[in-house]
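Here the structure is laid out as structure tokens; the discussion comes afterwards.
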Amino acid sequence: MSEEQASRSLNFIEQIIEGDLSSKKHETIVTRFPPEPNGYLHIGHAKSICLNFGLAKQYKGKVNLRFDDTNPDKESTEYVESIKKDIEWLGFEWQKECYTSDYFQQLYNWGIVLIKKGLAYVDHSSAEQIAQMKGTPTKAGTNSPYRERSVDENLALFEQMKNGAFENGTCVLRAKIDMSSPNMHLRDPLMYRIKHSTHHRTGDDWCIYPIYDWAHGQSDSIENITHSLCSLEFEIHRPLYNWFIENLEIYPSRQIEFARLNLDYTVMSKRKLLRLVEENLVDGWDDPRLPTISGMRRRGYPAAAIRTFCAKAGIAKRENIIELSLLESCVRQELNKTALRAMAVLDPVKLIITNYPEGQTEQLTAQNNPEDEQAGSREIPFSKELYIERADFLEDAPKKFFRLSVGRNVRLKHAYIINCTGFKKDEEGNLLEVYATYYKDSKSGQDVSGIKPKGTLHWVSTQHAQTAQVRQYDRLFMNQSPDQTETDFIENINPDSLSIIDKAYIEPSLQKSKKGAVYQFMRIGYYARDAKSDQLVFNRTVTLKDGWAKKNK
RNA sequence: UGCCUGGUGGUGUAAUGGUAGCACAUGGGUUUUUGGUACCUUUGGUCAGGGUUCGAAUCCUUGCCGGGCAACCA
């Protein structure tokens with residue numbers, strides 16, 4: 001890891017940090033991850049988490065987890081808990097757990113400071129009027145009739161606001177900056193609005209709540225955040241971020257913007273994810289098809305793979321849409337090293353080994369992971385009747401088909417080489433059974449047959465097989481950018497994003513699998529035992545690469 | 001048509017005035033008791049024009065294209 005870092009080129013944020021460190025602007029760095037507890041974390045947040053926590057670790061600094069809880073109407077402790085769980089699962093630790101709501105009193109005091117400086121005023125205009133007076137990006141705004149209230153009047157009104165003298169929406173506190181600024185955010189931005197709502201942490205202590213711009217930078221400053229990293233959309237907020245800090249004369253945190261992560265074939269906005277959840281289009285925030293951290297966890301994506309993915313995606317300022325294949329490649333890379341192998345037959349057809357003794361069973365030894373000696377081995381029962389994959393037999397097989405067809409040899413994984421002798425079909429032409437004979441001297445590990453079959457099949461002994469439900473997940477959307485089509489993004493949902501196999505046959509050892517464990521079903525893909533179900537349910541994490549399928553497209 | 005910001009292979013991301021590299025994807029191949037893995041290899045790129053320079057992805061200039069900004073959201 002350290003070698004990797006040494007040879008790796010620096011991203012633009014690392015360059016800024018190293019500059020600040022070498023110029024002694026900072027002794028050490030402090031970053032923060034500031035989620036609003038109004039939804040579950042997704043892969044886009046993971047990028048920010050890896051960045052902020054990664055930087056702190058890399059430069060031996062600190063990182064705070066700060067809940068930006070300034071809007072009680074949309075936030076809840078359910079979200080707080082899920083966010084903490086997800087960050088920990090991703091493998092990160094925060095120095096301090098902070099809440100913007102802890103700073104409400106300080107923020108209020110600073111509001112008074114700005115009023116006294118003549119830099120803030122209480123505006124009794126309606127929301128509509130304020131919007132009207134804001135102007136447009138190409139047209140200057142106009143001053144509010146309340147803009148020139150005296151300091152004393154503002155002080156008294158602000159206190160009344162805080163004390164609950166006004167109904168929701170009666171008035172707001174605004175910074176007095178410049179209604180003709182080309183930057184809309186500098187046209188007397190709102191600082192406080194009245195909300196007679198119960199906050200999940202402060203209860204009914206407050207009925208005025210700070211707006212993002214008037215809370216975020218100040219919270220950064222209070223925590224002595226050196227580098228406040230956020231996404232590109234806040235670039236235009238930076239002058240305001242700095243204006244508040246300068247006029248308050250408080251610790252100058254520096255805001256730096258980077259491009260958020262986008263993945264193709266999915267949606268990332270919390271609003272859209274919330275809609276999928278609320279309209280029951282998916283099975284909750286942790287549906288394995290969702291790009292949420294909890295969904296990916298349930299699907300079987302290892303935390304390490306998500307971290308690697310974020311590192312490979314990189315940090316820059318240009319907008320990007322990353323291909324799902326990069327994420328999947330990281331997942332496969334990690335799982336190939338760690339997942340135990342097992343055999344499962346998803347679309348079964350019976351294979352009868354005609355020359356194998358009736359009623360005989362052999363226990364065969366199977367390596368748990370060829371990539372990892374330490375993983376050990378297990379026993380698998382073998383018998384005369386097996387299930388194999390329907391797709392592994394073809395009546396009229398092309399030359400390059402290295403599977404079963406009458407007359408061809410094939411290796412049964414961990415077992416014998418067999419020769420296909422025949423098959424049975426029903427009147428409609430559906431394959432019922434396949435017949436073969438085995439070579440006694442070709443047993444795995446002690447093969448002296450001299451036969452070199454081209455293909456190897458997975459199988460499960462019919463009398464020993466267990467059954468499980470297997471959920472075949474595919475991408476949730478059909479379009480590369482589902483939220484950029486003319487139609488509602490909901491209409492772009494892939495109707496085949498989930499297909500359920502109620503009765504797949506699995507090898508008996510899987511009976512003892514633990515919830516959440518991920519296996520490689522040999523020759524098929526990686527599957528995670530569902531963590532929520534008490535039954536044997538496996539969620540497809542990702543398929544194995546399939547060169548044969550690709551070639552036959 | 002205001003302001004901010006960005007344009008490097010299909011997708012990401014490096015090169016900070018000196019050989020355009022890496023990863024994923026793609027095509028081909030070697031190995032293999034997983035058509036997996038591993039390894040080798042092919043294709044393909046600096047938005048366009050002009051300028052500065054011995055030398056430009058990089059600096060200047062003009063244009064083109066993309067993203068953002070008018071929530072009592074964050």
Quiz item: Taking the side chain from Asn154(A) and the backbone from Arg149(A), do they hold a donor-acceptor pair closer than 3.5 Å?
Solution: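 Pair found, side chain donor or acceptor close to backbone of Arg149(A).
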
Need one value for [X]: base, sugar-phosphate or nothing, where a base atom within 4.0 Å counts as base even if backbone is also close, heavy atoms only.
{"X": "Arg341(A)", "value": "base"}
{"X": "Ile211(A)", "value": "sugar-phosphate"}
{"X": "Ile417(A)", "value": "nothing"}
{"X": "Glu235(A)", "value": "sugar-phosphate"}
{"X": "Glu36(A)", "value": "sugar-phosphate"}
{"X": "Gly547(A)", "value": "sugar-phosphate"}
{"X": "Ser181(A)", "value": "nothing"}
{"X": "Ser126(A)", "value": "base"}
{"X": "Glu328(A)", "value": "nothing"}
{"X": "Leu232(A)", "value": "nothing"}
{"X": "Pro370(A)", "value": "base"}
{"X": "Asn183(A)", "value": "nothing"}
{"X": "Lys452(A)", "value": "nothing"}
{"X": "Arg403(A)", "value": "base"}

Quiz prompt | Residues, nucleotides or ligands: over 12 heavy atoms within 6.0 Å of Glu167(A) CD | solution =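 Atom CD in Glu167(A) is not packed in, count stays at 12 or less.
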
Using the [atom1] atom as the reference point in each nucleotide, state the distance between [N] and [M] in Å, no decimals.
{"N": "C24(B)", "M": "U43(B)", "atom1": "C1'", "result": "15 Å"}
{"N": "C54(B)", "M": "C64(B)", "atom1": "P", "result": "32 Å"}
{"N": "G45(B)", "M": "C3(B)", "atom1": "P", "result": "36 Å"}
{"N": "U1(B)", "M": "U8(B)", "atom1": "P", "result": "24 Å"}
{"N": "U30(B)", "M": "G67(B)", "atom1": "C1'", "result": "46 Å"}
{"N": "U37(B)", "M": "U16(B)", "atom1": "C1'", "result": "39 Å"}
{"N": "A56(B)", "M": "U19(B)", "atom1": "C1'", "result": "14 Å"}
{"N": "C22(B)", "M": "A15(B)", "atom1": "P", "result": "15 Å"}

Aromatic ring proximity [X]/[Y], centre distance under 6.0 Å:
{"X": "Tyr416(A)", "Y": "Phe382(A)", "answer": "yes"}
{"X": "Tyr192(A)", "Y": "Phe158(A)", "answer": "yes"}
{"X": "Tyr209(A)", "Y": "Phe104(A)", "answer": "yes"}

Quiz item: Looking at Lys134(A), Arg147(A), Lys176(A), which one forms a salt bridge (charged side-chain N to carboxylate O under 4.0 Å, His left out) with Asp188(A)?
Solution: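 The single option meeting the salt bridge (charged side-chain N to carboxylate O under 4.0 Å, His left out) with Asp188(A) is Arg147(A).
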
Exercise. Verify the distance criterion only: is there a donor paired with an acceptor across the side chains of Gln129(A) and Ser126(A) at less than 3.5 Å?
Key: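 Judged by distance alone, the side chains do pair up.
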
Quiz item: Does one side chain, of Arg341(A) or His414(A), offer a donor that lies under 3.5 Å from an acceptor on the other?
Solution: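 Arg341(A) vs His414(A): no donor-acceptor pair found between side chains.
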
Would you give me the side-chain donor-acceptor pairs under 3.5 Å for residues 305-324 of chain A, sequence neighbours excluded?
from, atom 1, to, atom 2, distance (Å)
Arg307(A), NE, Leu90(A), O, 2.8
Thr308(A), OG1, Ala304(A), O, 2.8
Lys317(A), NZ, Glu235(A), OE2, 2.8
Asn320(A), ND2, Arg260(A), O, 3.3
Asn320(A), ND2, Arg318(A), O, 3.4

Quiz item: Quick one: on RNA chain B, does Gly314(A) or Pro453(A) contact a more 5' nucleotide (nearest heavy atom)?
Solution: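 By nearest-heavy-atom nucleotide position, the 5'-most residue is Gly314(A).
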
Quiz item: Taking for each residue the nucleotide of RNA chain B bearing the nearest heavy atom, is the 5' side occupied by Lys74(A) or by Ile321(A)?
Solution: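 Result: Ile321(A).
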
Self-check item: Shortest non-hydrogen separation from Asn368(A) to Arg378(A) and the atoms involved
Solution: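 Asn368(A) and Arg378(A) have their closest heavy atoms at OD1-NH1, 2.9 Å.
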
Quiz item: If pairs are Watson-Crick or G-U with both distances under 3.5 Å, what is the dot-bracket string of RNA chain B, marking crossing pairs with [ ] and pairs to another strand with |?
Solution: .((((((..((((....[..))))..((((.......)))).....(((((..]....))))))))))).....

Practice problem: Please say which of Leu263(A), Asp483(A), Thr292(A), Leu273(A) ends up in a side-chain contact (heavy atoms from CB on, under 4.5 Å) with Met268(A). | Solution: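 Testing Met268(A) for a side-chain contact (heavy atoms from CB on, under 4.5 Å) against Leu263(A), Asp483(A), Thr292(A), Leu273(A) leaves exactly one candidate, Leu263(A).
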
Quiz prompt | First-last contacting nucleotides on RNA chain B - partner chain A, under 4.0 angstrom, heavy atom | solution =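 The footprint of chain A covers G2(B) to A74(B).
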
